[in-house]
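The structure under discussion appears below in the form of structure tokens.
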Amino acid sequence: MNDGGGEFESRKRSAVLGALAQQLASDRLLGVREVPFVLSEAAFRPVGALCVADVADKSGALVRLDRERVQGCRACSLCETRTNTVFGSGSSAARLVFVGEAPGFHEDKQGKPFVGRAGDLLTKMTDAMGLRRDDVYICNVLKCRPPNNRDPAPDEIVACSAYLLEQLSIIQPEVIVALGAPAARTLLNTSDSIGRLRGRFHDFHVSGKPTSGSPTPLMPTYHPAYLLRNPAEKRKAWADLQIVMKLLGLPTVR
Ligand code: URA
């Protein structure tokens, strides 16, 4: 017979182990040791609370969007120079979506987002949050690589951002993290700097209109590529991610 107490103990044990793993991962990210952590009740909640049919619908809708519209897209000149479109990866049932800027060299070759050095750091960031990359969804504002990794041009953002908005409206995450200024500015329709935007939630509306529907909290933070060049700023990015973790009820580091 299944005794509820035993099950609770075993879930608690795995949550403690998960929190310890998260502690080690955040130590690795920041080079900090011996930081105490707290476990909240919400840590025992499963990450995806959707039923099988919802997940299948969302994943089918994402696959259709990618195959039928993005892979053959010729809406801007980046289609001439791309090797592959880079749609997104991760769980269609994700509670958390990371949005980056645009594919780089490795992403263009492999057709997957964040697989280069910045991607390795993003993996460390999700590890530190106690999440696997498969638990979250990762995509970019642009689905094609700008030549020589130059900044996305305004007309490219206009041409491509409809795909991003559609991805977000299919997934309906509980929270979005915008990695870097182009993602934050595109989603929040602002020209503010990332330094001014980061550190607090902003309301994201898929429609772009504050009057329609309920907003999704969006946390802007520094892009992993920027953090590789400016490691001292990792601490601020980690503080931003901890705010996100609190909202998701994930165990946080004190
Ligand atoms: N930088 C991004 O913004 N996206 C990627 O997929 C890789 C690097």
Side-chain angles (χ1 to χ4, degrees), residues 29 62 65-66 70-71 73 76 78-79 81-92 94 96-129 131-168 171 173 175-188 190 193-195 197-198 204 218-231 233-234 236-238 240-241 244:
L29 181 70
L62 287 174
L65 175 61
D66 182 21
V70 171
Q71 286 180 18
C73 179
C76 78
L78 296 182
C79 66
T81 48
R82 74 182 173 220
T83 313
N84 289 294
T85 53
V86 179
F87 183 69
S89 69
S91 168
S92 55
L96 168 59
V97 172
F98 287 94
V99 180
E101 179 178 321
F105 176 85
H106 296 285
E107 291 78 18
D108 172 68
K109 291 278 171 273
Q110 296 184 36
K112 294 189 189 127
F114 282 97
V115 287
R117 280 186 67 225
D120 290 343
L121 181 55
L122 182 58
T123 304
K124 283 190 186 154
M125 289 157 78
T126 52
D127 281 352
M129 297 174 82
L131 297 168
R132 292 167 309 144
R133 271 180 70 134
D134 288 351
D135 292 331
V136 301
Y137 191 83
I138 301 170
C139 57
N140 286 302
V141 174
L142 295 192
K143 307 306 184 214
C144 296
R145 180 190 181 212
N148 304 315
N149 295 352
R150 62 157 169 74
D151 289 346
D155 64 308
E156 293 159 358
I157 293 179
V158 169
C160 212
S161 54
Y163 298 133
L164 172 62
L165 296 183
E166 210 158 321
Q167 283 172 298
L168 294 173
I171 298 170
V175 55
I176 297 165
V177 172
L179 298 166
R185 288 176 175 161
T186 301
L187 292 171
L188 298 174
T190 175
S193 70
I194 190 72
L197 292 167
R198 61 154 290 274
F204 166 72
L218 182 148
M219 174 65 73
T221 194
Y222 292 120
H223 192 286
Y226 171 82
L227 295 174
L228 287 171
R229 296 191 302 272
N230 302 276
E233 301 287 54
K234 281 185 187 173
K236 290 186 195 158
W238 180 230
D240 298 340
L241 295 181
V244 171

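First listed ligand is number 1; within each ligand, the first listed atom is number 1. For the numbers below, each heavy atom of this structure counts, side chains included, while hydrogens, waters and symmetry mates do not.
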Can an N or O of G100 be found at a distance shorter than 3.5 Å from an N or O of ligand 1?
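No, G100 has no N/O under 3.5 Å of an N/O on ligand 1.
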For atom 2 (C) of ligand 1, which of G119, A183, A102 has the closest heavy atom?
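Among G119, A183, A102, the closest heavy atom to atom 2 (C) of ligand 1 belongs to A102.
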Between R117, H223, E101, which one has a non-hydrogen atom sitting closest to atom 1 (N) of ligand 1?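 Answer by nearest heavy atom: H223.
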Partner of M125 by side chain to side chain contact (heavy atoms under 4.5 Å, CB included), out of L241, D240, L131
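It is L241, the one option of L241, D240, L131 that forms the side chain to side chain contact (heavy atoms under 4.5 Å, CB included) with M125.
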How far is atom 4 (N) of ligand 1 from its nearest protein heavy atom, and which residue and atom name does that atom have?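 Going atom by atom, the protein heavy atom closest to atom 4 (N) of ligand 1 ends up being N140 OD1, 2.7 Å.
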Walk me through whether R145 and T81 qualify under side chain to side chain contact (heavy atoms under 4.5 Å, CB included). CA-CA 8 Å; R145 180 190 181 212; T81 48; over 6 Å; no
Notebook entry, point to check: So with a 6.0 Å cut-off around NZ of K112, is the heavy-atom count from everything else above 12?
Noted result: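 No - once you tally the heavy atoms of other residues, nucleotides and ligands closer than 6.0 Å, there are 12 at most.
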Identify, with sequence neighbours excluded, every residue that meets side-chain contact (heavy atoms from CB on, under 4.5 Å) alongside S91.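 Expected list: A93, A94.
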